[in-house]
Amino acid sequence: MASVVKELTHAAERAAIGAFVDKFIKDLNNAEDRRQAYLKIVDLAEKFYGKAATKEKLNAVRSAILDPNNKWFNMIDRIMKEADPHFAKITMLNLGYEAFLRGTKTIRANREKYNCNIPWLILFDPTMACNMHCAGCWSGTYGHKSNLSYEDMDKIVSQGKELGTYLYMMTGGEPTVRMKDILKLAEKHNDCYFALYSNSTLINEELCEKLVKLGNITFMLSIEGTPETNDARRGDGHYEAVMKAMDLLHKYGIIFGTSICYTRDNIEAVTDEKFLRFIAEKGARFGFYFHYMPVGNNAVPELMPTPEQRVAMIKKIRDYRKPDCNIDFFPMDFQNDGEFVGGCIAGGRNYFHINANGDAEPCVFIHFSDTNIHNNSILEMLQSPLFKAYHEGQPFNRNHLRPCPMLENPDLLREMVKKTGAHGTNQESEESVEHLCAKCDDYAKSWKPYAEKEWEEETHKKPSYENYSKLHREHPELAAFEKAVDNTDKRDENTGDTVSAD
């Protein structure tokens with residue numbers, strides 16, 4: 001009976017917010033009406049969160065809305081006006097109400113209830129299959145061996161929603177290879193929001209028409225700079241395919257972003273001001289930058305950026321986000337923006353990954369697992385030894401420019417995999433944790449002094465909500481990573497083995 005009442009309350013609440021959104025969209029041509037509507041949305045968020053609301057942040061948002069020259073408010077306003085009205089409505093309902101408001105509140109309660117990480121988003125691979133073979137990428141080598149069935153994907157989303165997760169991202173392989181099942185999934189779970197990392201090659205007019213009707217699928221398009229730097233890694237003709245996809249999505253009013261892997265070879269091209277202005281003109285309003293990770297036996301460690309390049313990357317991305325920068329594009333740096341999300345977000349702290357074989361991996365870059373969707377529930381995955389090791393170890397470094405247990409703190413990943421007995425998940429060519437981490441040892445050592453210098457020169461503010469384990473919240477000085485990080489620099493020069501600090 002209680003669950004029925006809860007469902008009815010949820011449905012009534014969504015209907016009321018839907019009516020508000022309808023009026024908001026009708027008022028898009030009136031600047032003052034829009035501004036008042038945005039303020040009502042902030043009031044709604046404050047009421048929804050109750051005591052958990054951070055008044056300082058909410059008041060800062062209100063100030064931004066009231067400032068006619070605020071860059072980010074004006075960009076959000078532009079996105080809403082550019083989007084197809086139905087697509088805009090579903091985005092506000094599913095990403096705004098279900099994920100940000102209702103979902104976040106449920107997730108936080110469940111983190112305390114189950115004493116484990118509960119993610120805000122789940123990333124999964126509908127298929128290993130990919131129609132491209134990008135240099136240094138593991139996906140193109142997997143072949144067509146594994147796919148998640150529709151039933152698998154439905155189980156992931158259904159069980160995720162029970163925990164409060166309403167945002168789902170898909171990668172692969174190339175997810176659009178399974179577009180028929182993805183459309184079916186999005187139609188069934190029409191209260192969720194789906195974002196696909198795609199190489200763009202299978203996006204066409206017919207698909208865009210279906211996306212507009214659904215309203216809850218968006219794309220993160222892979223692109224890496226100029227036609228030359230892009231096609232050098234992804235193959236001839238890929239750049240042209242991305243341009244076509246961007247034009248189509250923009251034409252149909254589908255909100256979309258970009259996914260950019262930066263390497264030693266393309267980092268200047270993908271952070272050039274002209275490049276960002278160009279993709280903004282094509283309609284992209286946000287994008288994720290991903291540091292190249294030397295994952296898989298076919299990885300090319302030489303593609304990892306130099307420390308000097310990474311420092312330049314940090315400064316450039318943050319310059320582009322400053323109020324005086326007039327580029328209508330919001331860049332997010334997965335590796336260097338750790339400070340704003342409390343460090344590593346993997347292991348279910350804010351997200352985790354399920355591969356096409358059903359293995360639950362802490363991160364899309366960490367190919368080790370001890371549970372599988374075919375045998376375990378989502379909650380059981382999050383309570384597995386490997387995921388609990390993440391929960392108890394986060395943050396893996398108090399310097400959030402060194403957030404990753406693989407790239408910047410490889411001894412920690414070695415320890416967690418060995419301690420939990422997790423197995424490698426690459427079916428094509430399994431990689432041991434030692435082989436993977438050995439490719440990161442020198443990088444971690446060389447990056448550390450640069451990261452420390454940058455961190456010391458910046459002013460840092462502790463977030464009001466960090467989602468660390470209770471031990472780390474109450475006794476941050478006892479965090480397990482501190483001893484391990486100290487040991488990272490005490491390696492035998494001849495064997496490379498860690499030397500105990502005891």
Side-chain angles (χ1 to χ4, degrees), residues 87 90 94 121-134 137-161 165-222 234-235 238 241-242 244-245 248-249 252 254-259 288 351-361 364 367 369 372-374 378 381 425-428:
F87 197 95
I90 300 302
N94 292 9
L121 74 92
I122 296 175
L123 173 69
F124 62 89
D125 301 345
T127 180
M128 278 186 178
C130 184
N131 58 340
M132 297 182 66
H133 300 277
C134 304
C137 176
W138 66 83
S139 294
T141 68
Y142 280 10
H144 298 250
K145 286 188 174 181
S146 295
N147 296 277
L148 290 175
S149 67
Y150 173 79
E151 290 72 25
D152 291 333
M153 294 189 284
D154 182 45
K155 177 182 178 181
I156 291 168
V157 177
S158 297
Q159 293 187 358
K161 284 163 62 175
T165 306
Y166 282 80
L167 174 60
Y168 296 86
M169 292 185 173
M170 301 182 204
T171 181
E174 169 55 36
T176 54
V177 170
R178 296 285 307 284
M179 206 63 221
K180 183 178 179 180
D181 279 336
I182 292 171
L183 290 169
K184 180 181 177 182
L185 187 74
E187 184 175 12
K188 176 179 179 181
H189 298 283
N190 57 10
D191 52 353
C192 291
Y193 206 68
F194 300 88
L196 279 59
Y197 288 89
S198 174
N199 62 31
S200 301
T201 58
L202 300 178
I203 297 173
N204 55 33
E205 200 109 19
E206 181 184 1
L207 176 59
C208 288
E209 291 173 356
K210 293 176 181 178
L211 297 178
V212 168
K213 290 179 181 178
L214 283 172
N216 62 341
I217 299 177
T218 188
F219 281 95
M220 307 292 291
L221 305 181
S222 298
R234 296 189 173 271
H238 177 256
V242 183
K244 180 181 177 181
L248 279 172
L249 295 172
Y252 278 88
I254 298 166
I255 300 168
F256 72 95
T258 57
S259 171
F288 286 101
Y351 103 105
F352 77 101
H353 177 238
I354 299 173
N355 69 19
N357 193 45
D359 300 308
E361 300 169 337
V364 69
H367 296 176
S369 178
N372 189 288
I373 193 64
H374 301 141
I378 295 294
M381 289 173 165
T425 54
N426 186 335
Q427 295 180 73
E428 187 72 21

Rounded distance (nearest 0.5 Å) linking atom [atom1] of [X] with atom [atom2] of [Y]:
X      : Y      : atom1 : atom2 : value
Tyr252 : Leu207 : OH    : CG    : 10.0 Å
Asn426 : Asn355 : CG    : CG    : 9.5 Å
Glu205 : Lys210 : CD    : NZ    : 13.0 Å
Leu248 : Ile203 : CG    : CD1   : 8.0 Å
Leu202 : Asn199 : CG    : CG    : 6.5 Å

Quick one: does [X]'s side chain get under 4.5 Å of [Y]'s, heavy atoms only?
X      : Y      : value
Pro175 : Ile182 : yes
Thr425 : Asn357 : no
Phe87  : Ile255 : yes
Met170 : Phe194 : yes
Met179 : Ile217 : yes
Asp359 : Ile354 : no
Leu249 : Cys208 : yes
Pro126 : Met153 : yes

Smallest separation among heavy atoms of [X] and [Y], with atom names:
X      : Y      : value
His189 : Ser158 : CE1-OG, 3.3 Å
His353 : Thr171 : NE2-CG2, 4.2 Å
Asp125 : Gly172 : OD1-N, 3.6 Å
Ala245 : Leu221 : CB-CD1, 4.1 Å
Ile122 : Gly160 : CD1-CA, 4.4 Å
Ser198 : Phe219 : CB-CD2, 3.7 Å

Q: Step by step, work out the side-chain contact (heavy atoms from CB on, under 4.5 Å) result for Lys180 and Tyr150.
A: CA-CA 10 Å; Lys180 183 178 179 180; Tyr150 173 79; over 6 Å; no
Q: Decide yes or no on side-chain contact (heavy atoms from CB on, under 4.5 Å) for Leu196 and Thr218, but give the supporting numbers first.
A: CA-CA 6 Å; Leu196 279 59; Thr218 188; over 6 Å; no
Q | Derivation and outcome, side-chain contact (heavy atoms from CB on, under 4.5 Å), residues Tyr168 and Leu121 | A | CA-CA 5 Å; Tyr168 296 86; Leu121 74 92; over 6 Å; no
Side-chain donor/acceptor of [X] to backbone N/O of [Y], under 3.5 Å:
X      : Y      : answer
Ser369 : Ala360 : yes
Tyr193 : Asn190 : no
Asn147 : Ser149 : no
Ser259 : Met220 : no
Arg178 : Leu148 : yes
Glu361 : His367 : no
Asn216 : Cys192 : yes

Q.
Under a 3.5 Å threshold, yes or no: a donor from one side chain and an acceptor from the other, between Glu174 and Thr127?
A.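 No, because no side-chain N or O of Glu174 sits under 3.5 Å from a partner of the opposite role on Thr127.
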Q.
I'd like to know whether CD of Glu209 has more than 12 heavy-atom contacts from other residues, nucleotides or ligands below 6.0 angstrom.
A. yes
Q | Pairs touching residues 148-160 that satisfy salt bridge (charged side-chain N to carboxylate O under 4.0 Å, His left out), sequence neighbours left out | A |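 Those involving residues 148-160 are Asp154-Lys188.
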Q) What do the steps show when you test Tyr166 against Asp191 for side-chain contact (heavy atoms from CB on, under 4.5 Å), and what is the final call? A) CA-CA 7 Å; Tyr166 282 80; Asp191 52 353; 3.5 Å; yes
